[in-house]
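A short write-up of the structure that comes next.
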Amino acid sequence: MSFEKRNITCGELRIEDEGKEVILNGWIDSRRDLGGLIFFDLRDRYGLTQLVIHPEKRADLADKAKDIRQEFVIWAKGIVMKRESPNPNMPTGLIEVEISDFGVINKAKLPPFEVEDDIETNEETRLKYRFIDLRRPVIQKNFIIRNKMYQVVHRYFAENNFIEIETPVLMKSTPEGARDFLVPSRINKNRFYALPQSPQVYKQLLMVSGFDRYMQIVKCFRDEDLRSDRQPEFTQVDLEMSFADREDIISLLEGFIKELWKEILDIDIDAPFKRMTYNEAMTRFGSDKPDLRFGMEIKTVSENLKSCGFKVFSGAIESNGEVALINAKGCAGYSRKQIDGLTEFAKKYGAKGLAWIKLVDGKVNSPIAKFLSDDELNSIITAAEAVDGDLILISSDSWTRTYTILGALRLEIARQTGIMDKIKSDFSFSWVVDFPLLEYDEESERYIAMHHPFTMPKTDDIELMENEPEKVRANAYDLVINGAEVGGGSIRIHDNEIQEKMFSLLGMSKEEAEDKFGFLLNALQYGAPPHGGLALGLDRLVMILSGIDNIRDVIAFPKTTSGLSLMDGCPSYVDTKQLEELSIALIKKEEE
RNA sequence: GGGGUCGUAGCUCAGCCUGGUUAGAGCGCCAGUCUGUCACACUGGAGGUCGCGAGUUCAAGUCCCGUCGGCCCCGCCA
C-alpha cells in the first residue's frame with residue numbers, strides 16, 4: 001500500500017507554521033463529525049494534531065472520511081491553518097491542518113479499550129492487548145523516562161572511566177540465593193545452564209582481569225514469586241570498581257543519582273545522603289529500607305517493663321525480645337473494628353497480638369492498663385510522646401519481629417491517615433550500612449549470607465568469624481529511596497582464604513565450595529585487587545521517577561503475578577519431539 | 001506453600017447477602033441529523049457462554065464444591 005511519507009510529526013506544529021503545506025502520518029485518535037464540518041485528531045508518539053475537512057469545499061474528502069474509524073493508520077496532506085476556536089489544552093491547539101488529500105494506510109479493528117490516559121480497564125485486558133495499551137501517552141511517558149535513564153547511565157559512567165562489558169546470559173547454576181531459571185541444551189544432555197540472577201561473579205572476575213571499572217545495563221532473572229514491584233526478569237545497572245572502598249562507591253553513586261534527578265525531573269537534590277546502620281534503621285523505622293519522608297519513629301520501652309505484670313511483655317523481654325511502640329497521632333478515635341483490622345494486619349507479619357493505649361479526654365483507655373503500674377504506663381506514654389487523642393500501638397516479640405511488625409504498622413497508619421498522600425511527591429535518599437554478614441536460616445539449619453557469599457566482612461569483625469559469626473557485620477550498603485531498596489552493594493572478598501572461610505561458615509564443605517565456586521577461588525589466587533560495587537534496580541528507579549507503584553507499567557512486555565505473559569501465552573507447553581531432543585521427560589504429563 | 005479480593009455487554013460496573021417475569025446502567029459501537037468541535041450534541045438501534053465444570057433445587061448470575069485467570073499481601077526474593 002502506498003502512502004505519502006510524513007515530513008513532520010503530530011506534536012510539533014505551532015502558530016508560526018501557519019500557511020505551510022505538511023504531510024502527517026499517524027493513528028486516528030478521535031473523530032468528530034459535525035455534519036458540515038469534520039475533525040480528526042491524529043496521534044503519534046509526539047502528540048496530537050487536529051485535522052479538518054470542510055465538506056462544502058471538498059465533498060470528495062468528506063465522503064472518504066465517512067469510513068475512517070478510530071486507530072486507523074492514515075496519511076494526510078494539508079495546509080497549516082490558524083484555528084477559529086483554539087484549544088489551550090493542546091500544545092498544537094492554536095493550529096489545525098486543513099486536509100487537501102489523505103488516505104488510509106491500514107485499517108484497524110475496534111480496539112478492546114480506548115487509547116486514552118484515564119481509562120480504567122482491567123489489567124488482564126490491557127496485558128493481552130499490550131501493543132494497544134502501549135499506545136497510551138501515559139504509558140509511553142514511562143518508556144521515555146526509562147530511555148533517558150539509559151542515556152544518563154551510559155554518559156555518567158563513561159565520564160567516570162567505566163567500560164561496559166557484556167557477561168553471559170547462559171551461565172552456571174548457583175545454588176545460593178534465589179531459584180535459578182534453568183536452560184537445557186541439545187548438545188549437552190542432562191546438563192543445564194542457568195540464567196543469571198546477577199552477573200556478580202563475572203564482574204568480580206573482570207576485576208581480577210584488570211578492567212578496573214566495569215558497568216553494564218543487564219537483564220537478571222529469578223524464579224521466585226512475583227509482586228507489584230517484582231518481575232522474574234528485571235534490569236539492573238550493574239557496576240564494579242577496583243582499588244575502591246565503600247566511600248568511593250557511595251560518592252560515585254550519589255553523583256549519579258543527583259544527575260539522574262536533575263536530568264529527568266530537573267530537581268536538585270542534596271548529597272551526601274543520610275546514613276544509617278542496619279541496626280538503627282530497624283530500631284527506629286522497623287525496616288532495612290526505611291521511608292524517611294515522615295516520622296512516626298519506633299520507641300523501644302523494654303527497659304522499663306522488664307518486671308511488669310503483663311506477661312506478654314515481660315516474657316518477651318526475658319527471652320531476649322523487645323517491647324516497642326509507635327504513636328499513631330490523632331488516632332484515638334479508632335473504633336474497635338479498626339483496631340482489630342490493625343491487629344489482623346500485624347498478624348501477617350507474625351504478630352500474635354497487638355497491644356494498644358488510647359489517650360482520650362485526659363484518660364487512659366487500654367485493655368492492658370490493668371496489668372501495668374502507673375509508673376510503667378507513664379513511661380510508655382512518655383516514650384511515645386503521646387498526647388490526648390493519640391493511639392499507641394505496642395508490639396512485643398523477638399527483636400526482628402517486634403521491629404518488623406511496627407515498621408509495617410508505621411507504613412499502614414501513614415496510608416490510612418493520609419500521610420502517604422501528602423508526601424507522595426517528596427523524595428528521601430539514604431544509605432543503610434553495616435548489615436549483618438549472616439542470618440540463621442531455621443529451615444536449612446545453617447547460616448546464609450544476608451547479602452551474598454562474596455561480601456567482605458567489616459575489617460574489625462573478621463576475627464569474630466571464628467566464634468561469633470552472627471555478630472559479624474558486612475561491608476555492605478543499600479541505597480534506599482522513599483522506602484524502596486533501589487540498590488545494593490558491598491566490598492567483595494578478594495582474599496582466597498577469607499572466601500573459603502565464608503563458604504565454610506555457610507555450611508559448605510571444601511569439596512562443595514570447590515565444585516560450586518572453584519573457578520572463583522582459583523581466580524582469587526592470581527592477583528585479585530580489592531574491589532567492590534553495586535547493582536541498581538533500574539525498573540524500580542523508573543517507577544520512582546515516574547511516580548508509579550506498579551513495575552508492570554515500566555516494562556514493555558511484563559508477566560502477570562503468576563509469571564504468565566497474557567499476550568503471547570508464555571510459558572507454553574512444548575512438543576514431545578523438542579523434549580526428546582533435550583532428553584527431558586516430564587514427571588507429570590499435562591493433559592492435551 | 002498460605003491468605004485476601006475480583007471475574008456479568010467491546011470497556012467500567014450494578015444485580016449475588018435474602019434463588020423466581022424478558023439480566024440492567026454509563027461509556028463505547030452502528031445508523032441518521034448537525035458549520036467550530038476537541039468527553040461534540042441530539043434521535044434511534046444493535047450488542048450477553050453471567051470465566052469454565054460439576055452439584056443442590058421445581059427453578060441458579062445468585063447457594064455449595066472444584067477449576068482457570070487477574071490484582072494485593074505473607075512466606076520466598078543471596
Side-chain angles (χ1 to χ4, degrees), chain A residues 29-42 48-57 62 66 69-70 81-90 92-93 96 98 109-129 132 174-180 197-198 200-201 220-232 234 341 344-351 404-405 408 411-412 435 437-439 441-444 447-455 474 476 485 488 490 502 506 535 537 549-550 552 559-564 566 569:
Chain A
D29 194 67
S30 65
R31 54 179 254 144
R32 294 177 294 278
D33 183 348
L34 274 57
L37 198 57
I38 302 169
F39 297 106
F40 292 121
D41 286 341
L42 196 66
L48 289 174
T49 296
Q50 175 166 286
L51 311 178
V52 65
I53 294 171
H54 296 276
E56 104 242 326
K57 286 197 242 169
K66 277 204 162 49
R69 292 293 179 268
Q70 51 178 291
M81 309 286 272
K82 188 179 172 193
R83 283 204 204 182
E84 269 180 45
S85 30
N87 182 346
N89 300 321
M90 285 171 83
T92 61
E96 63 193 358
E98 187 175 332
K109 285 165 78 172
L110 183 69
F113 50 86
E114 286 157 81
V115 182
E116 281 174 11
D117 283 352
D118 52 358
I119 54 164
E120 282 177 34
T121 301
N122 192 320
E123 209 177 336
E124 203 170 341
T125 312
R126 286 176 46 207
L127 290 177
K128 188 167 176 197
Y129 293 90
I132 297 172
T174 53
E176 293 288 311
R179 295 180 182 90
D180 284 328
Q197 298 168 28
S198 120
Q200 180 60 37
V201 178
C220 301
F221 306 85
R222 289 173 194 176
D223 190 10
E224 296 292 349
D225 285 8
L226 286 73
R227 284 283 197 287
S228 60
D229 61 350
R230 262 168 30 194
Q231 283 275 305
F234 58 98
E344 283 311 305
F345 178 83
K347 281 182 179 170
K348 289 196 301 191
Y349 296 85
T404 305
I405 290 164
L411 295 174
E412 179 63 13
F435 284 82
L437 183 70
L438 304 162
E439 57 186 337
D441 180 47
E442 303 287 347
E443 205 179 315
S444 55
Y447 285 109
I448 55 174
M450 193 152 183
H451 185 51
H452 59 52
F454 319 110
T455 302
E485 183 196 330
S490 62
M502 181 69 182
L506 299 173
D549 52 16
N550 181 335
R552 292 180 297 276
K559 310 285 187 284
T560 66
T561 48
S562 58
L564 308 177
L566 297 180

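A quick note: this is a predicted structure, and the numbers were derived from the prediction, not measured. Chain identifiers are assigned alphabetically (A, B, ...) following the order of the sequence lines, protein sequences preceding nucleic acid strands; residue numbering begins at 1 within each chain.
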Length of the CG-C1' vector between Leu110(A) and C27(B), whole Å: 12 Å

Nearest-Å distance for atom pair CZ/C1', residues Arg126(A) and G69(B): 17 Å

On RNA chain B, compare the nucleotides closest to Arg32(A) and Pro453(A); which residue's is nearer the 5' end? Arg32(A)

Check the interface with nucleotides 71-73 of chain B: list each N/O to N/O pair with the protein under 3.5 Å, or write none.
unit_1, atom_1, unit_2, atom_2, d
C71(B), OP1, Thr561(A), N, 3.3
C71(B), OP2, Thr561(A), N, 2.8
C71(B), OP2, Thr561(A), OG1, 2.4
C71(B), O3', Arg552(A), NH2, 3.1
C72(B), OP1, Arg552(A), NH2, 3.0
C72(B), OP2, Arg552(A), NH1, 3.4
C73(B), OP1, Ser228(A), OG, 3.2
C73(B), OP2, Ser228(A), N, 3.3
C73(B), O2', Lys348(A), NZ, 3.1

Using whole Å, report how far CE of Met90(A) lies from C1' of C38(B). 7 Å

Separation of the P atoms in A41(B) and A23(B), to the nearest angstrom: 30 Å

Once you round to the nearest 0.5 Å, how far does CZ of Phe39(A) lie from CG of Asp33(A)? 10.0 Å

So which one's nearest nucleotide on RNA chain B is more toward 5', Gly563(A) or Ala449(A)? Gly563(A)

On a plain distance test, is the side chain of Arg230(A) in donor-acceptor contact with the base of C77(B) below 3.5 Å? yes

Name the pairing partner of C71(B), where a pair is Watson-Crick or G-U wobble with both distances under 3.5 Å, or state none. G4(B)

Please name the nucleotide paired to G61(B) by Watson-Crick or G-U wobble geometry with both distances under 3.5 Å, or report none. none

Touch class at under 4.0 angstrom, heavy-atom based, for Asp33(A) against every strand present: base

Where the side chain of Asp180(A) meets the backbone of Thr174(A), is there a donor-acceptor pair that is under 3.5 Å apart? yes

Consider the side chain of Glu114(A), meaning its heavy atoms from C-beta on, and name the nucleotide among C77(B), G70(B), G28(B) that approaches it most closely. G28(B)

Would you find more than 12 non-hydrogen atoms of other residues, nucleotides or ligands less than 6.0 Å from Arg179(A) atom CZ? no

Assess whether atom CZ of Phe345(A) is packed by more than 12 heavy atoms of other residues, nucleotides or ligands within 6.0 Å. yes

Any donor-acceptor pair, under 3.5 Å, between the side chain of Asp225(A) and the base of G75(B), if you only look at N and O atoms? yes

Using a 4.0 Å heavy-atom cut-off across all strands, classify Arg69(A) as base, sugar-phosphate, or nothing. sugar-phosphate

Distance between P atoms of G2(B) and U67(B) (Å, rounded): 11 Å

U37(B) base stacked by Phe39(A) (centroids within less than 5.5 Å, tilt under 30°): yes

Measure the shortest side-chain to side-chain distance between Leu37(A) and His54(A) over non-hydrogen atoms and say whether it is less than 4.5 angstrom. yes

Gap in Å between the two C1' atoms, one belonging to U22(B) and one to U33(B), rounded: 32 Å

Just call it for Pro86(A): base, sugar-phosphate, or nothing, with non-hydrogen atoms closer than 4.0 Å on any strand. base

Atom CD of Glu116(A) and atom C1' of C38(B) are separated, to the nearest Å, by 12 Å

Distance, C1' atom - from C30(B) to A46(B), rounded to whole angstrom: 7 Å

Taking atom P of U37(B) as reference, at what distance in whole Å does atom NE2 of His54(A) sit? 13 Å

What do the steps show when you test Arg230(A) against Glu224(A) for salt bridge (charged side-chain N to carboxylate O under 4.0 Å, His left out), and what is the final call? CA-CA 9 Å; Arg230(A) 262 168 30 194; Glu224(A) 296 292 349; over 6 Å; no

Among C38(B), C11(B), G70(B), which nucleotide sits nearest the side chain of Thr125(A)? C11(B)

Between C13(B) and U56(B), how far apart are the C1' atoms? Round to whole Å, please. 30 Å

So what's U33(B) paired with, Watson-Crick or G-U wobble, going by both distances under 3.5 Å? A41(B)

Quiz question: going by heavy-atom distance under 3.5 Å, is there a donor-acceptor pair between the base of U37(B) and the side chain of Arg31(A)? no

With a 4.0 Å cutoff (strictly under), does any side-chain N or O of Gln70(A) reach OP1 or OP2 of G28(B)? no

Find the distance Gln197(A):CD to C76(B):P and express it as a whole number of Å. 16 Å

Base, sugar-phosphate alone, or nothing: which one does Glu120(A) contact when heavy atoms must sit under 4.0 Å apart? sugar-phosphate

Using the P atom on both, measure U43(B) against U21(B) and round to a whole Å. 31 Å

Criterion salt bridge (charged side-chain N to carboxylate O under 4.0 Å, His left out) on Arg126(A) and Glu123(A), from CA distance to verdict: CA-CA 5 Å; Arg126(A) 286 176 46 207; Glu123(A) 209 177 336; 5.1 Å; no

Give a yes or no on this: more than 12 heavy atoms of other residues, nucleotides or ligands lie within 6.0 Å of atom CG of Asn550(A). yes

Report which part of the nucleic acid Leu564(A) touches: base, sugar-phosphate, or nothing (heavy-atom distance under 4.0 Å, all strands). sugar-phosphate

For Lys559(A), is the NZ atom crowded, meaning more than 12 foreign heavy atoms sit under 6.0 Å from it? yes

Base, sugar-phosphate, or nothing: which does Leu34(A) touch, judged by heavy atoms less than 4.0 Å apart? base

In whole Å, I'd like the distance from the CD atom of Glu224(A) to the P atom of G1(B). 12 Å

Nearest-Å distance once atom C1' is located in both G61(B) and A14(B): 12 Å

State the pairing partner of C27(B); accept Watson-Crick or G-U wobble contacts with both distances under 3.5 Å, and report none otherwise. G10(B)

Which one of Leu226(A), Asp229(A), Thr561(A) satisfies the side-chain contact (heavy atoms from CB on, under 4.5 Å) criterion with Arg552(A)? Thr561(A)

So which nucleotide does A46(B) pair with, by the Watson-Crick or G-U wobble rule with both distances under 3.5 Å? none

Any strand is fair game: report the nucleotide pairing with U56(B) by Watson-Crick or G-U wobble, both distances under 3.5 Å, or none. none

For the C1' atoms, the ones on G20(B) and on C72(B), what distance do you get once it is rounded to whole angstrom? 37 Å

Rounded to whole angstrom units, what separation is found between the CG atom of Asp41(A) and the P atom of C40(B)? 8 Å

